[in-house]
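Here the structure is laid out as structure tokens; the discussion comes afterwards.
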Amino acid sequence: QVQLVESGGGLVQAGGSLRLSCTASGLTFSGYNIGWFRQAPGKEREFVARIPWSGYSTYYGNSVEGRFTISRDKTKNTVYLQMNSLRPEDTANYYCTAGLGAVDAVQPDYWGQGTQVTVSS
């Protein structure tokens with residue numbers, strides 16, 4: 001059974017930083033695109049970032065570009081989302097996804113349960 005597990009969420013003040021992690025069990029990320037989405041209460045799900053397991057192209061949503069960085073550690077089968085200069089509007093549940101296609105264009109194959117990020121003003 002495939003599971004994506006996110007960690008690293010929490011409460012932070014505006015301007016602060018958090019690093020989210022995504023690990024997989026029952027799946028190796030090789031060959032997949034790994035992405036992050038977020039969803040705040042009452043709002044639509046929003047693409048945040050994605051990275052291929054092989055290669056170097058990264059993509060970001062407009063609202064986070066320049067503040068967030070997605071990266072991977074192949075030795076740990078883990079993907080990270082470094083979030084800097086956090087704003088209250090970044091408050092959301094953040095989900096890790098994995099898919100054979102570009103996860104911002106094609107429905108991902110796998111989703112994690114999410115980790116809550118709350119940014120106070």
CZ-CD distance between Arg67 and Gln82, expressed to the nearest 0.5 angstrom: 12.0 Å
Tell me, yes or no, whether the heavy-atom count around Gln113 atom CD, taken from other residues, nucleotides or ligands under 6.0 Å, exceeds 12. no
Gln3 side chain to Ser25 main-chain N or O, any donor-acceptor pair under 3.5 Å? no
Linking I/L/V/M/F/W/Y whenever any side-chain heavy atoms sit under 4.5 Å apart, do Val2 and Phe29 land together? yes
Closest non-hydrogen atoms of Arg72 and Lys74, given as atom of the first, atom of the second and distance, are NE-CE, 3.6 Å
Residues 95-110 side chain polar contacts: donor-acceptor under 3.5 Å, at least two apart:
from, atom 1, to, atom 2, distance (Å)
Tyr95, OH, Asn93, ND2, 3.1
Thr97, OG1, Gly35, O, 3.3
Asp104, OD1, Arg50, NE, 2.4
Asp109, OD2, Leu100, N, 3.0

Contact between Thr23 and Asn77 at the side-chain level, heavy atoms closer than 4.5 Å - yes or no? no
If you take all heavy atoms of Leu20 and Gly9, which pair is closest and at what distance? CD2-N, 3.5 Å
Testing the basics here: between Ala14 and Pro88, what is the closest heavy-atom pair and its distance to 0.1 Å? CB-CD, 4.1 Å
A side-chain contact here means heavy atoms from C-beta on lying under 4.5 Å apart; do Val48 and Leu81 qualify? yes
Within a strict 4.5 Å, meaning less than it, do heavy atoms of the Trp53 and Val79 side chains meet? yes
Checking side chain to side chain contact (heavy atoms under 4.5 Å, CB included) for the pair Tyr32/Leu27: CA distance, chi angles, key distance, verdict? CA-CA 10 Å; Tyr32 283 85; Leu27 175 76; 3.5 Å; yes
Could you pull out the closest heavy-atom pair between Asp73 and Tyr80, with the gap in Å? CB-CE1, 3.8 Å
Scanning both residues in full, the closest heavy-atom pair of Ser63 with Arg38 reads OG-NH2, 3.1 Å
Any side-chain to backbone donor/acceptor pair from Arg45 onto Ala40? Under 3.5 Å, distance only. no
Distance in Å, Glu6 CD paired with Cys22 SG, rounded so as to fall on 0.5 Å steps: 5.5 Å
Measuring from atom CD1 of Ile51 to atom OH of Tyr56, what distance do you get when rounded to the nearest 0.5 angstrom? 10.0 Å
Between the CD atom in Gln116 and the CG atom in Leu11, the distance rounded to the nearest 0.5 Å is 10.0 Å
For Phe47, run the ring pair (Phe, Tyr, Trp, His ring centres under 6.0 Å) check against Phe68, Tyr59, Phe37 and tell me which one passes. Phe37
Please round to the nearest 0.5 Å and tell me the distance separating atom CH2 of Trp36 and atom CE of Met83. 8.0 Å
Would you check if there is a donor-acceptor pair between the side chains of Asn84 and Ser17 at a distance under 3.5 Å? yes
N/O donor-acceptor pair under 3.5 Å between Thr78 side chain and Lys76 backbone: yes
Of all the heavy-atom pairs spanning Ile34 and Ile70, show the shortest one and how long it is. O-CD1, 3.8 Å
Taking the side chain from Ser85 and the backbone from Gly15, do they hold a donor-acceptor pair closer than 3.5 Å? no
